[in-house]
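A short write-up of the structure that comes next.
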2 protein chains.
Amino acid sequence: MEPLRADMFDEICPSTLNPFRFGRDKWAALVIACLEDGPRRFSELRVPLHRVTPKVLTQSLRHLEQDGLITRTEYAEPVRRVVYELTPLGHSMLGPIRTACAWTADHWDELLDAHEAGITR
Amino acid sequence: MEPLRADMFDEICPSTLNPFRFGRDKWAALVIACLEDGPRRFSELRVPLHRVTPKVLTQSLRHLEQDGLITRTEYAEPVRRVVYELTPLGHSMLGPIRTACAWTADHWDELLDAHEAGITR
DNA sequence: CAGAATCCACCGAGATACTG
DNA sequence: CAGTATCTCGGTGGATTCTG
């Protein structure tokens with residue numbers, strides 16, 4: 001499994017155009033995207049999510065855990081390690097998420113046009 | 001086209017369990033659902049959405065308009081009439097919305113279990 | 001390393017009252 | 001009929017600092 005790149009989400013700036021939201025809070029969708037390929041440590045998640053403070057990231061992870069979408073596992077062995085992973089339920093959410101994101105990609109021009117028209121009016 | 005019933009959304013109480021959100025604000029998804037079968041007047045929308053104040057409903061409608069999902073048309077003819085309608089873009093969103101809602105229906109038990117486990121812990 | 005504690009600013013959302 | 005005008009309140013998200 002490849003490491004998560006720091007610029008993973010840098011270009012998804014105008015994500016406010018996407019009319020779909022996943023999870024309870026602002027960062028849930030990005031966390032899910034980070035866990036797509038397998039389990040990740042807290043510090044691994046902080047690399048692409050470097051604009052999120054640890055407090056807020058923790059909050060988001062706790063919400064996802066309460067919603068049954070991820071699991072949190074703690075190891076104390078050599079050094080302290082906490083690993084987050086998608087549950088089967090969380091993994092099954094990827095289908096509808098991809099459907100929604102495909103729609104957004106397909107209609108990006110129209111979304112952009114509508115937004116710009118809304119600004120100049 | 002049938003009138004919108006006042007109890008249309010009364011039973012969708014624990015919708016916080018649904019990890020998908022559509023549109024910018026809290027009421028956008030319900031407005032879209034109301035417009036599914038055709039254009040509706042402001043006062044028609046207020047029937048099923050009787051728990052939403054006119055100010056907040058107006059806000060939500062303006063957002064949907066800015067996002068290119070609905071149109072607002074004003075007639076002054078006999079009496080004043082303002083009609084809201086899904087755009088082709090808004091209508092095309094129904095597909096992914098249905099996909100997402102089907103997922104939620106399919107996994108309702110798991111979502112409920114996770115939520116209850118989160119409460120007692 | 002993986003957070004917790006504290007404080008704070010902003011904004012969505014609601015209550016209430018009023019209007020072209 | 002279809003909104004607008006204020007006011008308020010609570011909660012999300014962020015900055016900063018501290019800790020087992």
Side-chain angles (χ1 to χ4, degrees), chain A residues 3-4 6 9 12-13 15-16 18-19 21-32 34-35 39-67 70-85 118 121, chain B residues 3-4 6 9 12-13 15-16 19 21-31 34-35 39-67 70-85 118 121:
Chain A
L4 300 170
F9 297 120
I12 321 183
C13 303
S15 58
T16 69
N18 186 354
R21 294 290 132 87
F22 314 103
R24 279 198 240 173
D25 52 56
K26 195 176 174 181
W27 305 106
L30 303 187
V31 171
I32 291 174
C34 289
L35 298 178
R40 300 282 186 181
R41 302 179 57 178
F42 188 79
S43 46
E44 283 184 284
L45 295 174
R46 293 208 62 193
V47 174
L49 299 170
H50 50 91
R51 281 177 298 193
V52 191
T53 62
K55 174 201 141 189
V56 174
L57 180 56
T58 300
Q59 254 178 194
S60 192
L61 289 164
R62 296 281 187 276
H63 284 156
L64 287 165
E65 201 188 350
Q66 281 172 29
D67 292 344
I70 68 171
T71 56
R72 191 191 107 111
T73 317
E74 206 171 335
Y75 304 96
E77 296 156 25
V79 290
R80 188 168 180 226
R81 275 173 57 232
V82 178
V83 169
Y84 296 93
E85 186 171 12
R121 185 168 18 84
Chain B
L4 299 170
F9 297 121
I12 320 183
C13 302
S15 59
T16 69
R21 294 289 131 86
F22 315 103
R24 280 200 240 171
D25 51 56
K26 195 176 173 182
W27 304 104
L30 303 187
V31 171
C34 289
L35 297 178
R40 299 284 186 180
R41 303 178 57 179
F42 189 79
S43 47
E44 284 183 285
L45 294 174
R46 293 207 63 193
V47 174
L49 299 170
H50 50 89
R51 280 176 299 191
V52 190
T53 64
K55 174 200 139 188
V56 173
L57 180 56
T58 300
Q59 254 179 193
S60 193
L61 289 164
R62 296 281 188 275
H63 284 157
L64 287 165
E65 202 189 350
Q66 281 172 28
D67 292 344
I70 68 171
T71 56
R72 191 191 107 109
T73 315
E74 205 170 336
Y75 305 96
E77 296 154 26
V79 289
R80 187 169 182 224
R81 276 174 55 234
V82 178
V83 169
Y84 296 93
E85 186 171 10
R121 186 169 15 86

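In the text below, chain A, chain B and the rest are named by the order of the sequence lines, each starting its count at 1.
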Using a 4.0 Å heavy-atom cut-off, does [X] contact any base of the nucleic acid, only the sugar-phosphate backbone, or nothing at all?
X       : value
B/Tyr75 : nothing
A/Arg81 : sugar-phosphate
A/Val79 : nothing

Discussion item. Give the residues of residues 55-64 of chain A touching DNA chain C, defined as any heavy atom closer than 4.0 Å, sorted by residue number.
Written reply: A/Lys55, A/Thr58, A/Arg62

Interatomic distance where [atom1] belongs to [X] and [atom2] belongs to [N] [whole Å]:
X       : N      : atom1 : atom2 : value
B/Glu65 : D/dA2  : CD    : C1'   : 14 Å
A/Leu45 : C/dA2  : CG    : P     : 9 Å
B/Arg24 : C/dC11 : CZ    : P     : 13 Å
B/Asp25 : C/dG14 : CG    : C1'   : 14 Å
B/Arg72 : D/dG3  : CZ    : P     : 5 Å

Discussion item. Can you see if the side chain of A/Ser43 gets near the phosphate of C/dA2 - specifically, an N or O under 4.0 Å from OP1 or OP2?
Written reply: yes

Discussion item. Is there a side-chain contact between A/Arg41 and the phosphate of C/dA2, meaning an N or O under 4.0 Å from OP1 or OP2?
Written reply: yes

Practice prompt. Report the C-alpha distance between A/Leu49 and A/Phe9 in whole Å, list the side-chain angles of each, state the deciding distance to 0.1 Å, and finish with yes or no for side-chain contact (heavy atoms from CB on, under 4.5 Å).
Written response: CA-CA 8 Å; A/Leu49 299 170; A/Phe9 297 120; 3.8 Å; yes

Worksheet item: Would you find a donor on one side and an acceptor on the other, under 3.5 Å apart, between the side chain of A/His50 and the backbone of A/Ala6?
Response: yes

Worksheet item: Side chain of A/Arg51, backbone of A/Pro48: donor and acceptor closer than 3.5 Å?
Response: no

Item to complete: Give, for atom OG of B/Ser60 and atom NZ of B/Lys26, the distance between the pair rounded to the nearest 0.5 Å.
Response: 11.0 Å

Response to the item:
Distance col, row A/Phe42:CZ vs A/Leu57:CG, nearest 0.5 angstrom, shows 4.5 Å

Worksheet item: For B/Glu74, which of B/Arg81, B/Arg41, B/Arg80 qualifies under salt bridge (charged side-chain N to carboxylate O under 4.0 Å, His left out)?
Response: B/Arg80

Discussion item. Reading DNA chain D from 5' onward, which residue's closest nucleotide shows up sooner: A/Arg80 or A/Trp27?
Written reply: A/Trp27

